[in-house]
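Here the structure is a predicted model, which means the values were calculated and not measured. Values below: all heavy atoms of this structure, side chains included; hydrogens, waters and symmetry mates excluded.
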Amino acid sequence: MNSFTSRLNALFAFTLTVMAALTFCCFLTTVFNEHRRPVELGVGKVNVKNVPDYSADRERSDLGAITFDLYADLSPLFNWNVKQLFLYMTAEYKTKEHELNQVVLWDKIILRGENTILDLRKANTKYYFWDYGNGLKGNNNVTLTLSWNVIPNAGTLPKVRGSGSHKIVFPDQYSSGRF
């Protein structure tokens with residue numbers, strides 16, 4: 001006859017197996033959902049300054065400042081399996097030194113139950129727009145994009161880029177004074 005501990009172990013193993021199977025079935029119900037949404041991005045004020053860089057080997061680096069407009073309705077992304085969204089806006093550009101530069105300028109976490117419609121007007125970036133060198137002045141190939149990670153209760157963690165972007169043209173002259 002089986003002892004109490006062996007019966008308890010069998011019950012525990014069976015429970016874990018059923019829970020794993022149910023979690024996998026829950027994952028299957030949302031794995032093929034479309035996570036892409038249209039995003040409208042715009043830019044207002046664009047400035048670039050040449051400032052001292054105390055953290056690198058260079059003497060001076062470019063610091064960009066922009067204000068941006070953002071509209072995105074992310075409510076269709078939320079279903080019973082989505083816990084939160086991690087949004088981030090990046091700027092991608094090319095310089096003479098590097099083929100691809102990526103800078104995160106803004107981010108936000110949206111939890112389930114919060115407002116999922118983003119309507120920002122003349123918002124400032126959350127992080128500095130540094131270029132370690134002089135790659136921003138006169139650069140006309142800077143692209144803003146909004147991307148997000150869908151954080152599920154069970155399943156994979158998709159990284160999605162919104163459909164829509166905006167190109168920025170930085171001025172040919174450095175601005176003086178405050179941004």
Side-chain angles (χ1 to χ4, degrees), residues 31-78 82 84-111 114-152 156-179:
V31 71
F32 299 111
N33 287 359
E34 178 64 33
H35 298 293
R36 217 167 143 92
R37 297 292 303 152
V39 173
E40 296 174 20
L41 284 166
V43 173
K45 184 174 72 170
V46 178
N47 289 322
V48 65
K49 287 181 80 171
N50 194 256
V51 295
D53 187 1
Y54 301 108
S55 63
D57 294 337
R58 294 172 172 77
E59 290 184 20
R60 300 186 75 76
S61 293
D62 284 355
L63 175 63
I66 63 170
T67 59
F68 65 94
D69 300 332
L70 169 66
Y71 180 81
D73 182 9
L74 303 175
S75 54
L77 296 177
F78 279 90
V82 175
Q84 67 184 23
L85 294 177
F86 175 70
L87 308 164
Y88 53 98
M89 184 175 64
T90 58
E92 296 181 0
Y93 60 100
K94 184 193 303 187
T95 60
K96 294 174 187 173
E97 296 176 4
H98 302 287
E99 186 68 26
L100 177 65
N101 296 286
Q102 294 178 320
V103 179
V104 175
L105 299 176
W106 178 85
D107 64 6
K108 181 176 177 64
I109 295 174
I110 299 178
L111 301 173
E114 290 183 353
N115 185 14
T116 57
I117 298 175
L118 294 175
D119 192 10
L120 303 175
R121 301 286 173 218
K122 296 181 183 175
N124 291 318
T125 59
K126 193 173 180 181
Y127 305 109
Y128 290 117
F129 192 166
W130 280 101
D131 179 70
Y132 294 107
N134 298 333
L136 292 181
K137 179 180 139 185
N139 195 330
N140 60 358
N141 195 22
V142 180
T143 305
L144 287 181
T145 57
L146 183 72
S147 303
W148 52 84
N149 290 97
V150 179
I151 314 294
T156 60
L157 206 75
K159 177 183 172 187
V160 182
R161 178 178 279 189
S163 60
S165 62
H166 185 77
K167 290 220 182 257
I168 302 173
V169 176
F170 275 93
D172 291 331
Q173 299 295 324
Y174 290 119
S175 62
S176 60
R178 298 179 58 107
F179 281 130

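Within a 6.0 Å radius of NZ in Lys167, more than 12 heavy atoms belonging to other residues, nucleotides or ligands are found. Counting non-hydrogen atoms of neighbouring residues, nucleotides and ligands closer than 6.0 angstrom, the NZ atom of Lys108 reaches no more than 12 such neighbours.
Taking CH2 from Trp106 and OH from Tyr88, the interatomic distance works out to 12.5 Å, rounded to the nearest 0.5 Å. Residue Glu40 holds its CD atom at 10.0 Å from OG of Ser163, rounded to the nearest 0.5 Å. Distance CE/Met89 to OG/Ser147: 11.0 Å, rounded to 0.5 Å. Interatomic distance, Phe170 CZ to Phe129 CZ, rounded to the nearest 0.5 Å: 4.0 Å. The distance from the CD1 atom of Ile109 to the CD1 atom of Ile151 is 8.0 Å, given to the nearest 0.5 Å. Between the CG atom in Leu77 and the CG atom in Asn33 there is a gap of 9.5 Å [rounded to 0.5 Å].
In this structure the side chain of Ile168 reaches within 4.5 angstrom of the side chain of Leu144, judged on heavy atoms. Looking only at side-chain heavy atoms (C-beta outward), Leu118 and Leu87 come within less than 4.5 Å of each other. At a threshold of 4.5 Å between non-hydrogen side-chain atoms, the residues Tyr93 and Val103 count as touching. Counting heavy atoms from C-beta on, the side chains of Leu70 and Val39 come closer than 4.5 Å. Here the side chains of Leu105 and Phe68 are not in contact, with every heavy-atom distance at 4.5 Å or above. Contact check for Asn101 versus Tyr132: no side-chain heavy atoms found under the 4.5 Å cut-off.
Looking only at distances, no side-chain donor or acceptor of Asn124 sits under 3.5 Å from a matching main-chain atom of Thr67. Checked by atom type and distance alone, the side chain of Asp131 never pairs as donor or acceptor with a backbone atom of Ser61 at under 3.5 Å. Between the side chain of Ser75 and the main chain of Thr116, no donor-acceptor pair closer than 3.5 Å is present. Put simply, the side chain of Asp62 gets close to the backbone of Leu136: a donor and an acceptor are under 3.5 Å apart. Within the 3.5 Å criterion, the main-chain N or O of Leu74 finds no donor-acceptor partner in the side chain of Arg37. In terms of modelled atom types and a separation under 3.5 Å, the side chain of Arg36 and the main chain of Arg161 share a donor-acceptor contact.
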Inset, instruction - Go through Asp172 and Lys137 one step at a time and tell me if the side chain to side chain contact (heavy atoms under 4.5 Å, CB included) criterion holds. - result: CA-CA 6 Å; Asp172 291 331; Lys137 179 180 139 185; 5.6 Å; no
Legend entry - side chain to side chain contact (heavy atoms under 4.5 Å, CB included) assessment of Leu157 paired with Phe86: CA-CA 11 Å; Leu157 206 75; Phe86 175 70; over 6 Å; no
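By the side chain to side chain donor-acceptor pair (under 3.5 Å) test, Lys126 pairs with Asp107, sequence neighbours left out.
Closest heavy-atom contact between Asn115 and Ile117: OD1-N, 3.2 Å. When all heavy atoms of Glu114 and Ile110 are compared, the pair lying nearest together is OE1-CA, 3.6 Å. Of all heavy-atom pairs between Leu41 and Ser165, the closest is CD1-CA, 4.3 Å.
Between Tyr128 and Trp130, the ring-plane angle classifies as perpendicular under the 30° and 60° cut-offs.
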